[in-house]
Asker: 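Structure incoming, see below.
Predicted, not measured: the structure shown is a model, and the values here were computed from it.
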Amino acid sequence: MKARLLSPFPFLSDCQRHIRRRTLVLSLILWAASLFYSAKAQTLYDFGFTRAPHLVVTTAQDTLSMPWAGGMNAVRFSEIDLNLDGSLDIIAFEKHGNRILPFLRQGNRLVFAPQYIHRFPRLHDWAIFHDYNQDGKADIFTYGLAGISVYKNISQDTLAFELLTDQLTAQYYDGPVNIYASPDDYPVIADVDGDGRTDILNFWVLGKYVHFLRNYSTDPDIFDLRLENECWGHFAEAADNNTISLFTDCDNKSGDEPLRHVGSSLLLHDFDGNGLGDLLVGDIDSPHLILLSNHGTPDEARMTEQDTAFPAGAPVELLSLPAPALVNLPGNATSSLIVSPADPSLTKSQDLNSVWRYDYNASLQQFTLVQTDFLQSDMLDVGSGCRPVLFDWDNDGLIDLFLANYGTFDSARTVNGFVTSSFSSSISHYRNVGTSQQPAFQLQTRDFGHLRALNLQALHPAFGDLDGDGLPDMLCGQRDGTLTLVTNSRINANGSPTPGFGITPHFQNIDAGDFSTPQLYDLDGDGRKDLIIGNRRGLLSHYRDTHSSGAPFFALVTDSLGRVDVRDFETSYFGHSVPCIYRDPQHGTLLFCGNEQGGIFYYKDIDNNLDAEFTLAERNMAESVNGSACPLREGKRTGVAVADLNGDGLPDMIVGNYAGGCAYFEGSAPLPHESGLSELTTRRPPYPNPTTGILHIPHDGDNATRATIFDMVGRPIQHTTGDVIDIHLLPAGIYILNVEGMGRWKIVKQP
């Protein structure tokens, strides 16, 4: 089956339309806005934020080279020419948040290059960069609609892509079929048989065998994939573990196929130098890679040996589903093997040590372990789930940075074949050692308050005097929804200001719901701090201090402050709200709120309006990229901290994500609203979802809208051209709704 372009128009990422085509027009708009900021000027965002990746962060050992790159938990590396200078740079795709991390090759080092993030389409689950048409430009293969989507690299003067196909197809038996891909698999996208064309190796939907899809096309821009071998390599993977059986006859007619394929990673490479492609295999809930050695022929692969402790000397031990990649790093004559987990679970990764680098040792003729925190050690990375909080702890007039986490990896155990990892939460303190115009952060401790020993998860600090002694204390939310008070007794017996802490769990018996995220702020202007708490539901609770003096006592006012709800029912029942209330001289009291899906919600009209609904101004804050407003892409379960850190009167913003790191944005001049950028975030999704039958579909005004329901294998089941579809006859389960020109949603059909 041949895959052709779906549209003659280039696919443009969030900002390419503006970056490539409207630079001059936008510059004129900004110039006019600066001269005529009045009612006649174009509507502007309330704030501008520009990424500042070089703000200094130091540890006891050195200065971090890329502190604000955002951390890593589960990445896969590829090569691509980012700046079109003819040399291949490095790109990493972070599964825990669907983030793109570009790195430019500069001499013998890699430099984080966030200016390229918005050049890429939005990708999810997995991404492999491979030049399929041999034009010297790396294209993108990524998870699509229960299959494989392909974006063609059409770069000329700047990096750009267009959608080649939504669902790559192949000829199977009697006709064309969408190629199956799991969101948890990494297939092989490569020239498998050495004929110069891009082929595919993948596990079939119910299969323990690897299918070889050979490309017969004579046109490099067109795929003509056909099932060449349904048991490539003559081996089988067990249904519920990573056991490999060699010399199998692959008799699919015996009825021994497993009911499901749970997830595997594949890498094709000639490891033994015999001219044939060997295969590295990773498996879900396993920390190991297995090397299968190919001793067949170019026309018939046959795996005859397996190495379950690869590489020799320091085998991979990465939870879970280790995904290998080969890339050429600066300063190396041969490719390095980079391994990181691909398990979708957020609570398995060895977070701080989850990117293992092996360099090839020619004298030993094997890959040797170099480090287990490749690039991570150059970043601010606190493990899993980074949430920043800004507070001047030492009262020196400079705001310090605190980074809370869900936890860092402690240990793991396997029960009935499934891996369970343990995490302990802690709070890192970075003291501001810069100036009032130029902040700089220096690590003081990775365990502020000595809380890691309590084995809690998802600590989140708020700061204020909570015992009436005039010193700042720390109030921590946590996974179970309760609060832990950490009192500050900074003056010791000798009178020196040495910090000391006393810990009191279950503060005032407050329970605001799982994953509580408190903030102390005088919301009602009565001179006493209120307590605002986010939670997993995505709502905010408000507690008022009922004591007129001394230590506060908090009473619940509402568990739905401002009608704030940061959930996205299209993808999750949870919201994981992380509030940051900020007082702006021009706009008054404002709320910035992180959430489960990674947006930063922005609310205003809060002052004198506590009993009503806050105005949702933005569902996702924008950053300024080359004069265009681009929605933030900072990953999953974001936390946000806002303050004027450089004294210019504009709010600066730090955004944390679940991969353990954060990004820093300086306040800048507000940009004009671009209606196209907010369309997807403001359009109402299909509802109700979940549904027992009737589903209301988004539509474009009075125009007819074509919608299709697909099953999870990618087969179309039901169509409509209206704005309602009845699916009550479908079995209960998960489906995909595709609405032409408007997007796709996961639909849950209830019994």
Side-chain angles (χ1 to χ4, degrees), residues 45-47 387-390 404 458 460-462 475 477 481 483 510-525 529-545 554-584 587-622 631-632 634 636-643 651 653-657 678 681-685 687:
Y45 286 92
D46 287 344
F47 301 104
R387 293 185 304 277
V389 174
L390 292 166
H460 185 91
L475 186 64
L483 304 177
I510 293 173
D511 186 344
D514 292 351
F515 292 87
S516 53
T517 53
Q519 184 182 7
L520 290 162
Y521 184 89
D522 183 7
L523 194 60
D524 54 12
K529 293 289 182 68
D530 300 287
L531 181 57
I532 301 94
I533 310 177
N535 57 34
R536 184 169 66 167
R537 290 176 299 163
L539 313 179
L540 298 183
S541 296
H542 176 207
Y543 294 78
R544 181 176 287 119
D545 180 7
F554 295 102
L556 178 65
V557 177
T558 177
D559 60 3
S560 184
L561 176 65
R563 314 291 194 274
V564 170
D565 189 342
V566 298
R567 286 174 289 187
D568 181 354
F569 288 106
E570 174 192 334
T571 55
S572 176
Y573 290 113
F574 303 121
H576 283 275
S577 52
V578 183
C580 176
I581 295 175
Y582 171 75
R583 178 73 183 179
D584 182 73
H587 300 283
T589 301
L590 306 171
L591 169 65
F592 298 84
C593 196
N595 84 326
E596 166 81 3
Q597 299 307 318
I600 302 298
F601 282 59
Y602 163 51
Y603 294 85
K604 55 185 181 179
D605 298 328
I606 295 174
D607 290 326
N608 303 312
N609 192 38
L610 298 183
D611 296 328
E613 183 173 353
F614 299 162
T615 299
L616 176 58
E618 303 291 341
R619 291 182 66 89
N620 188 14
M621 297 298 294
L632 293 181
E634 292 308 307
K636 189 178 183 68
R637 290 196 190 175
T638 46
V640 59
V642 178
M653 179 170 63
I654 298 176
V655 180
N657 68 77
S678 60
T681 57
T682 57
R683 186 182 66 243
R684 187 173 187 178
Y687 69 95

Asker: Determine the interplanar angle of the Phe574 and His576 rings, folded into 0 to 90°, and report it as parallel if under 30°, tilted if 30 to 60°, perpendicular if over 60°.
Answerer: perpendicular
Asker: To the closest 0.5 Å, what do you measure between CD1 (Ile654) and CG (Leu390)?
Answerer: 4.5 Å
Asker: Please lay out, stage by stage, how Thr589 and Ile581 fare under the test side-chain contact (heavy atoms from CB on, under 4.5 Å).
Answerer: CA-CA 7 Å; Thr589 301; Ile581 295 175; 3.6 Å; yes
Asker: Closest approach of Leu540 and Ser577, non-hydrogen atoms and distance?
Answerer: CD2-OG, 3.9 Å
Asker: Strictly by salt bridge (Lys or Arg N to Asp or Glu O under 4.0 Å), give each pair with a member in residues 594-610 just once, sequence neighbours left out.
Answerer: Asp46-Lys604, Arg583-Asp607, Glu596-Lys636, Glu596-Arg637
Asker: Using a 3.5 Å distance criterion without hydrogens, assess whether the side chain of Asp530 forms a donor-acceptor pair with backbone atoms of Leu523.
Answerer: yes
Asker: Checking Asn657 side chain against Thr638 main chain: does a donor-acceptor pair fall under 3.5 Å?
Answerer: no
Asker: Starting at CD1 of Ile533, measure out to CG of Asp559 and round the result to the nearest 0.5 Å.
Answerer: 11.0 Å
Asker: Decide side-chain contact (heavy atoms from CB on, under 4.5 Å) for Asp565 and Arg537; before the verdict, give the C-alpha distance in whole Å, the side-chain angles of both, and the deciding distance to 0.1 Å.
Answerer: CA-CA 8 Å; Asp565 189 342; Arg537 290 176 299 163; over 6 Å; no
Asker: Using modelled atom types only, decide if a donor and an acceptor are shared between the side chain of Thr615 and the backbone of Ala617 within a distance under 3.5 Å.
Answerer: no
Asker: So, Ser516 side chain and Asn535 main chain: donor-acceptor pair closer than 3.5 Å or not?
Answerer: no
Asker: What distance separates Phe515 CZ from Arg536 CZ, expressed to the nearest 0.5 Å?
Answerer: 6.0 Å
Asker: Could you state the interatomic distance from CZ (Arg563) to CZ (Phe614), rounded to the nearest 0.5 Å?
Answerer: 9.5 Å
Asker: So does Asn608 have more than 12 non-hydrogen atoms from other groups sitting under 6.0 Å from CG?
Answerer: no
Asker: Measure the CG-CZ distance between Leu483 and Phe554 for me, rounded to the nearest 0.5 Å.
Answerer: 9.5 Å
Asker: Check the orientation of Phe47 and His587. Use parallel for under 30°, tilted for 30 to 60°, and perpendicular for over 60°.
Answerer: perpendicular
Asker: Any donor and acceptor pair, going by atom type alone, linking the side chain of Asn609 with main-chain N or O of Glu613 inside 3.5 Å?
Answerer: yes
